[in-house]
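Here is the structure we will look at, set down as C-alpha cells.
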There are 2 protein chains.
Amino acid sequence: MELTKWREEILKIIEKSKKPLTAEEIYKINKFKPNFSTVYRALKFLEEKNLIKSISFDKGPKYFYSSKKHYHFLYCTNCGKIEVFNKCIASQLENFIYKNFKFQITDHVFYFKGLCENCKEG
Amino acid sequence: MELTKWREEILKIIEKSKKPLTAEEIYKINKFKPNFSTVYRALKFLEEKNLIKSISFDKGPKYFYSSKKHYHFLYCTNCGKIEVFNKCIASQLENFIYKNFKFQITDHVFYFKGLCENCKEG
DNA sequence: ATTGAAATGCAAATGATTTGCATTCTCAAG
DNA sequence: CTTGAGAATGCAAATCATTTGCATTTCAAT
C-alpha cells in the first residue's frame, strides 16, 4: 500500500505549507479527518522515506516540513514562536566532521534562540 | 535563599561533567538524593540564571551543560547517542539575523544528525 | 471471492516534565 | 531566642505530545 490516501494528503499539506507544521495543525487542516495516530504514523512513515523532516525545540511539539525545503529557525524562548530563514553555512563543516568523528551526516539542525520582535521589549 | 545546597550541588555536577547530562543522570549522580521535582526545579532555576544551558533532540530527554562551555552536537538518529564538538561558525550569521529579523539572539543550537560510527554500517 | 500483509481507529500506555498542595526550611524582624 | 513570611522541598497526581496494543478494515495479488 505504502503511500495511502491519508499519507498522500498529509504530504501534500506539508509540501504546500509555507511554514513547518505541527502534527496537530496537520490534523486540523486535513479535511478527511484521519485519526490522530494515523497522522503520527503517517508523519513517521514520510520521515523514514525522507519525504519530510522534523525538528523539536525545547518544549512543545515537533514541527514538520518538506524535505524539498531547507529551513533554519529562530526560536523565541519566551513565547515559543518560530520563524524560518534559509541562509546556511553548515556545509563548510561537514568535511571536518566526517574526518574527525567518522560520523555520517544526514542532516543538520541549526537555530538561534532569543527573543522575537514582540517579546524583546515586553 | 536562591542558590540552595541542592542547586549548588547540581550546578557543581554539571560544571564538572565533561559531557551534557540528562535530568535523570544528574539525579542519580547526586549523592544527597533530592526529589526528582527538585532536580527539575533546580535545572529550571539554573537555566533562568544563565548558569546552565539545555538542548533537546528529536526524542528522549533534555541535556544540560554549563554555560561556560559552548557545545555543538552530533546526534545519531538511530541510537540517540550524542557526541559533542566545539568548532563554531555561527557568529558569522548573527549580524545578518539581527538586521533582517529584529530577533534578539541569546543563543544558538546547531547539531548534525546522522549515524555514528557504530550505527553506520549496522 | 479469498487471503494475507499492511493501514487504520480507538483507547490505553508511555516518558519526560510540570503542577498543586501540604510541609519544611531559612533568615531577618521583633 | 521566637516568630512569621516567603521560598524551597517532597510527594502524588496531572499534563502534553507521542506511541503502542489490539481489533477491525482495506487493498492488491492470487
Side-chain angles (χ1 to χ4, degrees), chain A residues 1-14 20-49 51-65 73 75-82 109 113, chain B residues 1-14 20-49 51-65 73 75-82 109 113:
Chain A
M1 247 183 262
E2 301 274 281
L3 204 56
T4 60
K5 69 172 178 173
W6 291 151
R7 291 173 178 178
E8 215 160 355
E9 175 76 10
I10 287 169
L11 179 59
K12 266 186 214 156
I13 289 172
I14 292 171
L21 299 171
T22 65
E24 197 184 4
E25 287 169 334
I26 291 162
Y27 171 74
K28 282 183 182 159
I29 291 172
N30 198 308
K31 55 178 174 297
F32 302 118
K33 292 276 162 268
N35 188 274
F36 228 123
S37 7
T38 305
V39 173
Y40 276 109
R41 279 192 275 235
L43 290 168
K44 192 176 186 183
F45 172 88
L46 294 170
E47 194 166 7
E48 276 165 2
K49 296 285 185 241
L51 295 168
I52 64 171
K53 297 181 179 185
S54 71
I55 181 175
S56 349
F57 297 94
D58 280 358
K59 54 166 48 193
K62 274 191 193 174
Y63 286 80
F64 297 88
Y65 56 98
F73 306 87
Y75 170 62
C76 180
T77 49
N78 189 58
C79 70
K81 177 185 168 191
I82 66 163
V109 173
K113 290 188 188 184
Chain B
M1 243 183 266
E2 301 274 280
L3 204 56
T4 61
K5 68 171 178 175
W6 289 152
R7 292 173 177 177
E8 214 159 354
E9 176 76 11
I10 287 170
L11 180 58
K12 268 185 212 154
I13 289 172
I14 292 171
L21 299 170
T22 65
E24 196 182 4
E25 287 169 334
I26 292 162
Y27 171 74
K28 282 182 181 158
I29 290 171
N30 199 307
K31 54 177 175 296
F32 302 117
K33 293 275 163 266
N35 188 274
F36 230 124
S37 8
T38 305
V39 173
Y40 276 108
R41 279 192 275 236
L43 291 169
K44 192 175 184 184
F45 172 88
L46 294 170
E47 194 166 7
E48 277 166 1
K49 296 284 186 242
L51 295 167
I52 65 171
K53 296 180 181 187
S54 71
I55 181 175
S56 348
F57 297 96
D58 279 358
K59 54 165 48 192
K62 274 190 192 175
Y63 286 81
F64 298 88
Y65 56 98
F73 306 88
Y75 170 62
C76 180
T77 50
N78 189 59
C79 70
K81 177 184 169 193
I82 65 163
V109 173
K113 291 188 187 184

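Numbers restart at 1 for each chain; the letters A, B, ... are given by sequence-line order, proteins then strands.
- Of the candidates C:dT19, C:dA7, D:dT19, the closest approach to any side-chain atom of B:K59 belongs to D:dT19.
- One atom, CG of B:N35, and another, C1' of C:dT24, lie 13 Å apart when rounded to the nearest Å.
- The phosphate of C:dT8 (OP1 or OP2) has a side-chain N or O of A:T4 nearer than 4.0 angstrom.
- Listed nucleotides: C:dG9, C:dA16, D:dT20. Nearest to the side chain of A:P34: C:dG9.
- Listed candidates were C:dA16, D:dA12, D:dC22. Nearest to the side chain of B:S37 is D:dA12.
- Nearest approach of B:F64 to B:E47, heavy atoms of both residues: CE2-OE1, 4.1 Å.
- At whole-Å resolution of the value, CZ in B:F45 and P in C:dT19 are 17 Å apart.
- Checked against D:dT18, D:dG10, C:dT8, the side chain of B:T38 finds its nearest nucleotide in D:dG10.
- Proximity note for B:W6 (side chain, C-beta onward) versus C:dT17, D:dT20, D:dG10: the nearest is D:dG10.
- For B:F57, the side-chain contact (heavy atoms from CB on, under 4.5 Å) test picks out B:I55, B:Y63, B:F73, B:Y75, B:I82, B:Y111, with sequence neighbours left out.
- For A:R7, the side-chain atoms get nearest to C:dT8 when compared with the rest of C:dT8, D:dA8, D:dA17.
- Here the P atom of nucleotide D:dA17 and the CZ atom of A:F36 are 9 Å apart, to the nearest Å.
- A 4.5 Å side-chain heavy-atom check between B:L43 and B:I14 finds at least one atom pair inside the cut-off.
- Straight-line distance from the OH atom of A:Y63 to the C1' atom of D:dA17: 12 Å, rounded to whole Å.
- Computed from coordinates, the A:R41 CZ to C:dA5 C1' distance equals 15 Å when rounded to whole Å.
- With rounding to whole Å, A:E48 atom CD is found 11 Å from C:dA7 atom P.
- The shortest side-chain heavy-atom distance between A:L11 and A:R7 does not fall under the 4.5 Å cut-off.
- In this structure, the CZ atom of A:F64 is 10 Å from the C1' atom of D:dA17, given to the nearest Å.
- One atom, NZ of A:K62, and another, C1' of D:dT19, lie 11 Å apart when rounded to the nearest Å.
- Side-chain N/O atoms of B:Y40 include one lying less than 4.0 angstrom from OP1 or OP2 on C:dT17.
- Counting all heavy atoms, side chain and backbone alike, B:K62 lies closest to A:D58 at CE-O, 3.5 Å.
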